[in-house]
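All values derive from a computational prediction rather than experimental measurement. All chains are named by letter (A, B, ...) in the order of the sequence lines, taking the proteins before the strands, and each is independently numbered beginning at 1.
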Amino acid sequence: MLFQQVINGLTLGSVYAIIALGYTMVYGILELINFAHGEIYMLGAYLGIIFLGIFTTMGLTAYSLPLAVFLTVVLAIFFCSAYGFTMEKVAYKPLRNAPRLSPLISAIGVSIFLQNYVMITQGATDRVFPYRFGEKHLHFMNAEVTWLQGSIIAVSAILMISLHMFQKTRMGKAMRATAQDKTMAALVGINVDSIISLTFVIGAGLAAVAGVMVASYYGLVNHFIGYVAGIKAFTAAVLGGIGSIPGAMLGGIILGLIESTGAAYISSEYKDAYAFVILIIILLIKPSGILGRHTEEKV
Amino acid sequence: MVHILEARDVSKHFGGIGALEDVSFKIRKGAIISIIGPNGAGKTTLFNCLTGIARPDRGAIYFMENEISKLPAHRVTELGIARTFQNIRLFPEMTVIENVMVAQHLRVRYGLLSAIAHNRTFRKKEKDIIEKAFEYVGFVGLENFARTPACNLSYGSQRRLEIARALATEPGLLLLDEPTAGMNAIETMEVMDLIAQIRELGKTIVLIEHDMKLVMGISEWIIVLDHGVKIAEGTAEEVRNDPLVIDAYLGKEAVQ
Amino acid sequence: MRNKRLLVRSLIIASWAAILFLPFKGIRGAAELFLVIAAGIPVFHFLQRGMVLPKHFRSVVSFLRPFFIPVFLIAALAVPFLAGDYYLDVLIMCGIYILLALGLNVIVGFAGLLNLGFAAFYAIGAYIYGLLNTKLGIGFWPCLPVSAAGTACAGLLVAVPALRLRGDYLAIVTLGFGEILRLVLNNWDSVTNGPNGISGIAPPQLAGISLGNLKYFYYLVLAIVLLSVFVIRRVERSRTGRAWIALRENEIAASSIGINVTRYKLYAFAFGSFWAGIAGILFAAKMRFISPESFTFAESVLILSMVILGGTGNIYGAIAGAFLLVLLPEVLREVQLYRMLILGIGLVLLMIFKPEGLLGKNLRKIRQPVED
């Protein structure tokens, strides 16, 4: 029973971790809570349903399921990245030197817009994922792990490892330099604007994968899922230490585990409240998070 | 009580780097004292420790017999220390007169209910606040700009307004952090005159400057900091001839 | 040359938007959007070039200013004799939102603390009355101070721990508090009756007359709104109000002139929440039914939008913002569906083009040396 909850929590947690990476990377560079990031994930879930639906009617799914899924994910990543890119250019870039709260309010505006945009274009009712992945599963230490759960955990792990490797490349180093000091980065010839765009694109791409995975896992999506998941992923990012990439991964997994065990052993009605309670507790006890650095404000 | 302020072994570190190392000194009541040193010597950090904006890691600070190193900034102000900032910190959207009115926060008090009722206490005290505010604004020569938003003032006037605002808290000790930074020669002279006038009011003044020549004439005691350490103190004459100061401070300027 | 560049730019923007739109509305939808944007940008551009504010606009406004408040008052008093129940209903909601916007304006506008969970305080005010009235039979008038004070205390309770945090974290904590409260209201069935809410709440009585009648209730709301404007204005122009604005403008400077920053932030939270409590009890008394659905995050955002739209820190701005955001959807019934969509775009555009709000002063524009 407990181990089953651990597997469920790990599945959920790796999705939170993937979304949390987007929050933490943007915060690391712009010190902005990109409130609309959860909506990108929601777009990803819808795009997964839309494209897989198209491929199913085309007959591609029947011909080769892996190819159809692969193309769906690629297209979802492409469109989500395009949305992430546009969002930054339209809603945040003009506010780069504005008071701190202006971009946050703008982000809330983007979030409301995207939610209602999807509601209007896709309808207010739940949408169903066009393919049911089988209930085939592995037995593993008294727990049942479905193939889908296994794939979600595996894909998330691969994405996190790739992001970690990316950090070591030239581009990744430029990104870290920009996060530390934008002025200095610009002085050594880094194009800060494109690095910021790249951050949004990568974050949105990750959110797209998370969206498609969740849509296939639960089978149902609606236009509210972005808000809830966004808050939870943000909690994960803060829990791990906002701005820290390993922190976001760790925070996501811890949060997933707390939620699934909490729902099983304490109360499932308050499942969504755990994230908020944890968020408030961390912010009060250790606002810098588990892996975050403590920074003193300069006078 | 001859000394208004005493610092004993004040130390402050930022992430392992020592910004202040065991700094001790005494400040005599009614004097003008300058703290000088090259950029990065720890002068502003010292001010932050003296005013409760930063908390020293070690050491003690006594202001008129009170230990203040662990007090929050507003308590320190209440005891009678006021300051200005190197990078001006006014309330930009408030007018000049409002900036000075709000600074009387500690000295003129009334309850929320009298404010809502506009009773006699409220009216009398508000009248006092406005009158005093005009006095201070006039004292620094900004009477013609009383209704101008602070952010629309020129740079020099903003520094003057900061001094007026600090005076409005009715301090015994006034700390001025580079009050002439960014000013031309005439403005600098005017501010120096203003400082002399403030001393006439019976206030003790501590100035931060990195330009040593500027404060030689006006200050009767000079404390020299370098890399967070007090390397010398004394009269202008003594400091000027101190080999350590010449080495660490004037030497650098000569190289520059 | 310039026109050509404009045309190319609008074509690029239009194609980009159409690509983004493609998966959600298909080829036809995307093509329509393309045409609208490609044509819209140049048209808007030429309109903007041709539009100049009349020169005398400012002097006319300043001439009319002294008449504004008396005219407004007379109109407000006369409304029940001229308008039908529908209008009274809308205006009562305007009044309730004005109270909410004024309260939030104290927190966000005066003290500069972003609160994203203000609907929670509105809910507390409403539920205190709902519960006291239906379970213990206590009437409106004794509940009014209890609701207001209880909500103010809730504001303090949230603020005490939250105020150690920096601005945007504080915003998230208030959001979290709002969500937790909503989840509790939804799930604590034995007390709050869960999602079904509390019904059968009594309308206020005055001298034996029930104020359930819309006309009477309208006057009650009007009286409370006027009282709140009166009180908040006086507090704003006192020692307390100045201290709030000082800490909004520069927290370190505020503490260095002797303002106890934490204490004044707490005052702002309590004082702002107080009005939310009053708005809550009025809402419960008017609807006679409350449920968690009325106090969602969207509601918090709506109230925040009223404050920001009108101009943060400006009492009349908050009132104008509340009016606009309550009345607009009523006027534009057909676009009800697009209401939130437009609100979202509006917030982004407002932050970019007029962050000080409709009635705020644009200090960036007038910032120029007056001397020399």
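- In this structure, the ring of A:F224 has its center no less than 6.0 angstrom from the ring center of C:F297.
- With values rounded to the nearest 0.5 angstrom, C:L114 atom CG is found 5.5 Å from A:L104 atom CG.
- A 4.5 Å side-chain heavy-atom check between A:Y227 and C:E179 finds at least one atom pair inside the cut-off.
- Using a 4.5 Å cut-off on side-chain heavy atoms (C-beta onward), C:L347 and A:F113 make no contact.
- At a 4.5 Å heavy-atom cutoff, the contact between A:Y27 and chain C is made by side-chain atoms alone.
- The side-chain heavy atoms of A:I108 and C:L116, taken from C-beta on, include a pair separated by under 4.5 Å.
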Report task. Mind running side-chain contact (heavy atoms from CB on, under 4.5 Å) on A:L279 and C:V173 for me, showing each step along the way? Result -> CA-CA 8 Å; A:L279 177 67; C:V173 166; 5.6 Å; no
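- A heavy-atom distance below 4.5 Å is found between the side chains of C:L175 and A:F276.
- Only the side chain of A:V118 comes within contact range of chain C, with at least one heavy atom under 4.5 Å from a heavy atom of that chain.
- Within a 6.0 Å sphere centred on CZ of C:R9, heavy atoms belonging to other residues, nucleotides or ligands number 12 at most.
- One distance of note links OG1 of A:T86 with CH2 of C:W16; it measures 5.0 Å at 0.5 Å rounding.
- Heavy-atom minimum distance, A:A82 versus C:L20: CB-CD2, 3.4 Å.
- Only the side chain of C:V301 comes within contact range of chain A, with heavy atoms under 4.5 Å apart.
- Residue contact with chain C, scored on non-hydrogen atoms closer than 4.5 Å, involves the side chain of A:I231 exclusively.
- Atom-to-atom distance recorded for A:I112:CD1 and C:M340:CE is 4.5 Å, nearest 0.5 angstrom.
- Residue contact with chain A, scored on non-hydrogen atoms closer than 4.5 Å, involves the side chain of C:I308 exclusively.
- For C:V184, the parts sitting under 4.5 Å from any heavy atom of chain A are the backbone and the side chain alike.
- To the nearest 0.5 Å, atom NZ of residue A:K271 and atom CG of residue C:L183 are 10.5 Å apart.
- Looking at A:Y92 and C:V348, their side chains never come closer than 4.5 Å, going by heavy atoms from C-beta outward.
- In this structure, A:Y117 contributes its side chain and C:L341 its backbone to no donor-acceptor pair below 3.5 Å.
- Between A:F79 and C:I19, the closest heavy-atom pair is CE2-O, 3.1 Å.
- Between C:F24 and A:Y46, the gap from one ring centroid to the other reaches at least 6.0 Å.
- Taking CD1 from A:I105 and CG from C:L350, the interatomic distance works out to 9.0 Å, rounded to the nearest 0.5 Å.
- Taking chain C as the reference chain and counting heavy-atom pairs below 4.5 Å, the highest number among A:L95, A:I120, A:I50 is found for A:I120.
- Contact check for C:I180 versus A:Y270: no side-chain heavy atoms found under the 4.5 Å cut-off.
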